[in-house]
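What follows is a set of notes on a single structure, which appears directly below.
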Amino acid sequence: MSAPPRLLIVLHQENSTPGRIGHALKQRGFALDIRRPCCGDALPATLAEHAGAIIFGGPMSVNEADEDVDREIDWIAVPLKEKKPFLGICLGAQMLAHHLGSRVYRHPDGHAEVGYYPIRPTALGRAVCDPWPEQVYQWHREGFDLPAGAELLAEGDAFPVQAFRQDSAYALQFHPDVTHATICRWTTRGHERTLLPGAKPRAAHFADRAVHDPAGRAWLAAFLNHWLAAAG
């Protein structure tokens with residue numbers, strides 16, 4: 001019996017997990033090669049032994065001096081050069097945008113997106129997978145401009161670029177990976193984020209999840225099927 005295809009999973013904290021995305025990938029027969037550069041794990045020089053790669057979110061910023069973050073941003077050249085499926089989520093999306101030459105910035109009025117917020121797919125976004133949820137879960141204070149040559153998949157209000165595609169690389173500013181346990185943990189340990197301008201109070205995270213999570217779960221399944229098709 002041949003070994004299952006491997007996907008590289010890049011996480012940014014010692015106790016971070018790939019959440020719902022990790023469960024979905026395992027259900028689809030993929031093995032997860034989890035690396036944590038912040039804990040000393042190296043990233044591979046090639047993805048020849050991997051079907052693709054995902055960089056998840058984290059508390060860092062691409063705009064702050066951080067050697068691990070800088071190395072990850074540079075490393076994104078590997079999946080792009082080898083045309084392997086790549087997915088960046090939140091910080092990972094910001095890393096991809098920065099690697100492609102785009103500005104990563106804080107909202108001019110200091111607003112954050114912490115909780116559920118509306119999202120508007122473009123025609124191309126609907127062609128990738130449809131339907132999209134009306135609102136998605138966010139946990140960020142920075143956004144990014146659309147890189148030159150990239151294709152916009154979804155828009156938002158406070159941070160207009162919410163998803164884009166560049167060849168076989170995809171970026172999602174929002175968090176389809178979160179589970180109920182994730183939200184419990186983030187809103188407890190990161191409670192101060194829920195007090196930022198534009199952020200939602202903790203109770204709203206759970207009330208909105210009851211409304212929007214079923215559609216988000218269905219969307220993630222369709223999106224992963226599309227993304228993984230290129231990974232075989």
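All residue numbers refer to positions in the sequence shown, counting from 1.
- Here the side chain of Arg28 pairs a donor or acceptor atom with the backbone of Ala24 at under 3.5 angstrom.
- Taking the six-membered ring where tryptophan is involved, the planes of Trp219 and Trp132 are tilted, since the angle between them lies from 30° to 60°.
- Rounded to the nearest 0.5 angstrom, Thr182 OG1 and Arg185 CZ are separated by 5.0 Å.
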Quiz item: Stepwise, does the side chain to side chain contact (heavy atoms under 4.5 Å, CB included) test hold for Leu87 with Ile89?
Solution: CA-CA 7 Å; Leu87 175 59; Ile89 298 171; 4.1 Å; yes
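- One hydrophobic cluster holds both Ile21 and Leu153 under the rule that ILVMFWY side chains link at heavy-atom gaps under 4.5 Å.
- Salt bridge Asp68/Arg71: present, at least one basic N to carboxylate O contact under 4.0 Å.
- Going from atom CG of Leu220 over to atom CG of Asp177 covers 8.5 Å, rounded to the nearest 0.5 Å.
- Looking at Ile34 and Thr17, their side chains never come closer than 4.5 Å, going by heavy atoms from C-beta outward.
- How far CD of Glu72 is from SG of Cys38: 8.5 Å, rounded to the nearest 0.5 Å.
- The side-chain hydrogen bond (donor to acceptor under 3.5 Å, both in side chains) test applied to Asp66 returns no partner, not counting sequence neighbours.
- Between the side chains of Glu142 and Asn63, at least one donor N or O sits under 3.5 Å from an acceptor N or O.
- By the criterion of side-chain heavy atoms lying less than 4.5 angstrom apart, applied directly or through intervening Ile, Leu, Val, Met, Phe, Trp or Tyr residues, Phe56 is not grouped with Val178; the two fall into different hydrophobic clusters.
- Atom NE2 of His226 has more than 12 heavy atoms from other residues, nucleotides or ligands within 6.0 Å.
- Between Gly52 and Leu7 the shortest heavy-atom distance is N-CD2, 3.4 Å.
- Note on Ile119 and Leu124: same hydrophobic cluster, where clusters join Ile, Leu, Val, Met, Phe, Trp and Tyr whose side-chain heavy atoms are under 4.5 Å apart, directly or indirectly.
- Salt-bridge annotation for Arg36 and Asp41: absent, with no side-chain N of the basic residue lying under 4.0 Å from a carboxylate O of the acidic one.
- Nearest heavy atom pair, residue Ala222 against residue Cys129, reads CB-CB, 3.9 Å.
- Heavy atoms from other residues, nucleotides or ligands lying under 6.0 Å from CD of Glu192 number more than 12.
- With no hydrogens or angles considered, a side-chain donor-acceptor pair links Tyr116 and Arg209 at under 3.5 Å.
- Residues His50 and Pro44 approach most closely at CE1-CG, 4.2 Å, considering heavy atoms.
- Proximity of Asp213 to Arg20: side-chain heavy atoms (C-beta onward) are separated by under 4.5 Å at one or more points.
- Looking at His180, His175, His205 one by one, the single match for ring-ring contact (aromatic ring centres under 6.0 Å, His included) with Trp186 turns out to be His175.
- Between Lys84 and Asp167 there is no salt bridge, since no side-chain nitrogen of the basic residue lies less than 4.0 Å from a carboxylate oxygen of the acidic one.
- In this structure, Leu11 is a member of the same hydrophobic cluster as Leu172, with clusters built from ILVMFWY side-chain heavy atoms closer than 4.5 Å.
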Practice problem: Test Gln173 against Gln138 for side chain to side chain contact (heavy atoms under 4.5 Å, CB included), laying out the working first. | Solution: CA-CA 7 Å; Gln173 177 61 80; Gln138 308 269 15; 3.9 Å; yes
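- In plain terms, the two heavy atoms of Ala199 and Arg193 that are nearest each other are CB-O, 3.3 Å.
- When hydrophobic side chains of Ile, Leu, Val, Met, Phe, Trp and Tyr are connected at separations under 4.5 Å, Ile73 ends up clustered with Leu8, Val10, Leu43, Leu47, Ile55, Met60, Val62, Val69, Trp75, Ile76, Val78, Leu80, Phe86, Leu91, Met95, Leu96, Leu100, Val104, Phe144, Leu146, Leu152, Val161, Phe164.
- The aromatic ring centroids of Phe159 and His140 lie less than 6.0 Å from each other.
- Nearest heavy atom pair, residue Pro147 against residue Ala97, reads CG-CA, 4.1 Å.
- When side chains are defined from C-beta on, Pro201 does not count as touching Thr194, because their heavy atoms never get closer than 4.5 Å.
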Quiz item: Given Arg165 and Val128, is the side chain to side chain contact (heavy atoms under 4.5 Å, CB included) satisfied, shown in steps?
Solution: CA-CA 10 Å; Arg165 178 175 70 185; Val128 167; 3.9 Å; yes
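- To the nearest 0.5 Å, atoms CZ (Phe30) and CG (Leu32) are separated by 10.0 Å.
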Exercise. List the steps, then state whether ring-ring contact (aromatic ring centres under 6.0 Å, His included) holds for Phe174 with Tyr117.
Key: CA-CA 9 Å; Phe174 53 96; Tyr117 296 83; over 10 Å; no
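- Between the side chain of Arg120 and the main chain of Gly156, a donor-acceptor pair closer than 3.5 Å is present.
- Both Trp139 and Phe206 are part of a single hydrophobic cluster, where members link through side-chain heavy atoms under 4.5 Å apart.
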Exercise. Take Thr187 and Arg202 through the test side chain to side chain donor-acceptor pair (under 3.5 Å) and record every step on the way to the result.
Key: CA-CA 6 Å; Thr187 56; Arg202 187 174 193 266; 2.8 Å; yes
Quiz prompt | Full working for side chain to side chain donor-acceptor pair (under 3.5 Å) between Thr46 and Glu82 | solution = CA-CA 8 Å; Thr46 176; Glu82 297 180 0; 2.7 Å; yes
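- Take Asp33 and apply the salt bridge (charged side-chain N to carboxylate O under 4.0 Å, His left out) test, not counting sequence neighbours, and it matches Arg6, Arg35.
- Of the inter-residue distances, the one linking Asp157 atom CG with His111 atom NE2 reads 12.0 Å to the nearest 0.5 angstrom.
- Counting only heavy atoms from C-beta outward, the side chains of His212 and Val136 never approach each other to under 4.5 Å.
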Practice problem: Carefully, step by step, assess Glu113 and His107 under the rule side chain to side chain donor-acceptor pair (under 3.5 Å). | Solution: CA-CA 10 Å; Glu113 288 185 321; His107 191 279; over 6 Å; no
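- Considering all non-hydrogen atoms of both residues, Tyr105 and Pro160 come closest at OH-CD, 3.7 Å.
- Side-chain N or O atoms of Ser102 include none that pairs as donor or acceptor with a backbone N or O of His98 at under 3.5 Å.
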